[in-house]
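Please read the structure below before turning to the comments.
Values below: every heavy atom of this structure, side chains too, minus hydrogens, waters and symmetry copies. Below, read A as the first sequence line, B as the second, and so on, with proteins coming before strands; counting in each chain starts at 1.
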Number of protein chains: 2
Amino acid sequence: MNEQKFCYKYPHPSVTADCVIFGFDGVSIKVLLIQRGIEPFKGKWAFPGGFMKIDETTEECARRELEEETGLKNASVEQFHTFSDVSRDPRERVITVAHYALVRLSEVKGGDDAASARWFAMDEVPSLAFDHDRILQMAVNRLKERICFEPIGFELLPEVFTMTELQNLYEAILEVKFDRRNFYNKMLKLGILAEAEPRPANASRRTPSKYRFNAEKYTEFKQKGFRLEF
Amino acid sequence: MNEQKFCYKYPHPSVTADCVIFGFDGVSIKVLLIQRGIEPFKGKWAFPGGFMKIDETTEECARRELEEETGLKNASVEQFHTFSDVSRDPRERVITVAHYALVRLSEVKGGDDAASARWFAMDEVPSLAFDHDRILQMAVNRLKERICFEPIGFELLPEVFTMTELQNLYEAILEVKFDRRNFYNKMLKLGILAEAEPRPANASRRTPSKYRFNAEKYTEFKQKGFRLEF
DNA sequence: CCCAATTGCGTAAAAATAACGCATTTTATT
DNA sequence: AATAAAATGCGTTATTTTTACGCAATTGGG
């Protein structure tokens, strides 16, 4: 049963792909974690991920594991760092290519399937298995950097949203507060937003306008990048 | 002779670390390449790099290979992407963690040692082995991004340099032209430069001032980051 | 019924960026 | 040798961008 069929002249490490999945519930940023059912770190929480097959890239591996463990399909994952500390896995030599993805919360209902997947707010994340604490730290930093150069709201917000929700998203990720009116002016001037519905005639002041992303502008900024000075 | 001693239940990829080494000669950016002496891609140029040992991280591997192949010691390498296309190496399944480093040209004299290492200006780089063309492309992009947030001149310029040399460095990396006087004002206002020598009394207009980096400020910016709006 | 909170829309001050002037001195050119 | 072109240091002035707020209307909570 325990055949060791694949042999090499020199020792080879195992390679895994892990996924840091970010979501947004309108107020705070969340990450998707899986509770480990086996040793090592049994019972501890960790990122979805697993061993890379010999005929797939790390991104493909990340997407496959993600679907297997959380049911989430076709997420757009992006690698951000490879962790290769010699003792990061107590069993054997494993290096992991860490990825992250942004998804709408509605697409993954925690506590799905077999795996016990659950969303955690950033300030509720427990101590994680392996070196996943460090991986999370770096993923968060990368997310903060990215939000300043690329629009990312589309992946995290519902189709239609209010300006306040968009601002909450930026504030949650960057951990800062903006002046509401300046944020409003800036976003409108960028031209990235389109009014979702013509504001109804009977709409009163406290009924906020609904926006959606201007797909054309959004794609343009995705490619050319922009510079959000916050 | 050809023992295959290390056996696993599932196939494992080989893992390598490659290094994109950037240098600057006062006018243009250069990369350090090695001409391959063996198949595959014999005779083609490629980045220094090689197989990761089981008890080292990818960064350690990158530094070790770099020293073995170019004599360059203790370079500060930083990984930027892991390339895992299934067919990127025609022999076997190999994924590579690509790193880059910035060094002073004087520290590596091309055509050293056994290996035939040579510096190439960016616009003279030939078609490279494996997927190294793509690796270079991504390394260049990363360098462009980094230069806007961190001072990097210290690694690339000689100890003492003129404002024009510094500007040439930025222009070479970003492939843009700046107004000389605005660049001058900006750099001085940042406070990152210190005058290397008190300008000699007999110095005439066309004898440029010499600067060095203000180590304190330089380190501060390294950590906190800055924002160069170009 | 009153008060705090929310929303849309502006405007003025402050700061940063971009554009360019100019005298002087070298080096290159005719 | 005379002249033109390029390099350097040090400014100044527009232009644009960012920041800091004002204000009225409306709503929900107490």
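- Taking 4.0 angstrom as the limit, B:T164 places none of its side-chain polar atoms (N or O) nearer than this to OP1 or OP2 of D:dA7.
- Applying the side chain to side chain contact (heavy atoms under 4.5 Å, CB included) criterion to B:Y218, with sequence neighbours excluded, gives B:P151, B:F154, B:E155, B:I192, B:F213, B:K222.
- Here A:S209 reaches the OP1 or OP2 of C:dG8: one of its side-chain N or O atoms lies under 4.0 Å away.
- When the C1' atom of C:dT7 is taken as reference, atom CD of A:Q167 falls 12 Å away, rounded to whole Å.
- Contacts of A:K217 classified as side chain to side chain donor-acceptor pair (under 3.5 Å), with partners at least two apart in sequence or in another chain: none.
- If you look at A:F178 and A:Y170, their ring centroids are not closer than 6.0 Å.
- The aromatic rings of B:W45 and B:F120 stand perpendicular to each other, their planes meeting at an angle above 60°, with 30° marking the opposite boundary.
- Atoms CZ (A:F178) and C1' (D:dA20) sit 15 Å apart, rounded to a whole Å.
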If you restrict it to nitrogen or oxygen atoms, what contacts under 3.5 Å exist between nucleotides 9-14 of chain C and the protein, and what is each distance?
from, atom 1, to, atom 2, distance (Å)
C:dC9, OP2, A:Y184, OH, 2.5

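- Screening residues 126-146 of chain B for ring-ring contact (aromatic ring centres under 6.0 Å, His included) gives B:F41-B:F130, B:F47-B:H132, B:F130-B:H132 as the qualifying pairs, with residues at least two apart or on separate chains.
- In this entry the distance linking CG of B:L190 with C1' of C:dT17 reads 13 Å, nearest Å.
- For the pair A:R36 (side chain) and A:G43 (backbone), a donor-acceptor distance under 3.5 Å is absent.
- Of the charged side-chain nitrogens involved, none lies within less than 4.0 Å of a carboxylate oxygen, so that B:R64 and B:E60 do not count as a salt-bridged pair.
- Taking atom NZ of A:K210 as the reference point, atom C1' of C:dT7 lies 14 Å away to the nearest angstrom.
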Pull out every protein N or O sitting under 3.5 Å from an N or O of nucleotides 13-15 of chain D, one pair per line with the distance.
none

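- With sequence neighbours excluded, the residues forming a salt bridge (Lys or Arg N to Asp or Glu O under 4.0 Å) with B:E175 are B:K144, listed by chain and number.
- Rounded to an integer number of Å, the gap from B:F183 CZ to C:dT17 P is 14 Å.
- Of the candidates B:R180, B:K186, B:M187, B:F183 forms a side chain to side chain contact (heavy atoms under 4.5 Å, CB included) with just one, namely B:M187.
- Between the P atom of C:dA5 and the CE atom of A:M163 lies a distance of 22 Å, rounded to the nearest Å.
- Nucleotide D:dG9 holds its P atom 19 Å from the NZ atom of B:K186, rounded to whole Å.
- Taking atom CG of residue A:N168 and atom P of nucleotide C:dT6, one finds them 10 Å apart after rounding to whole Å.
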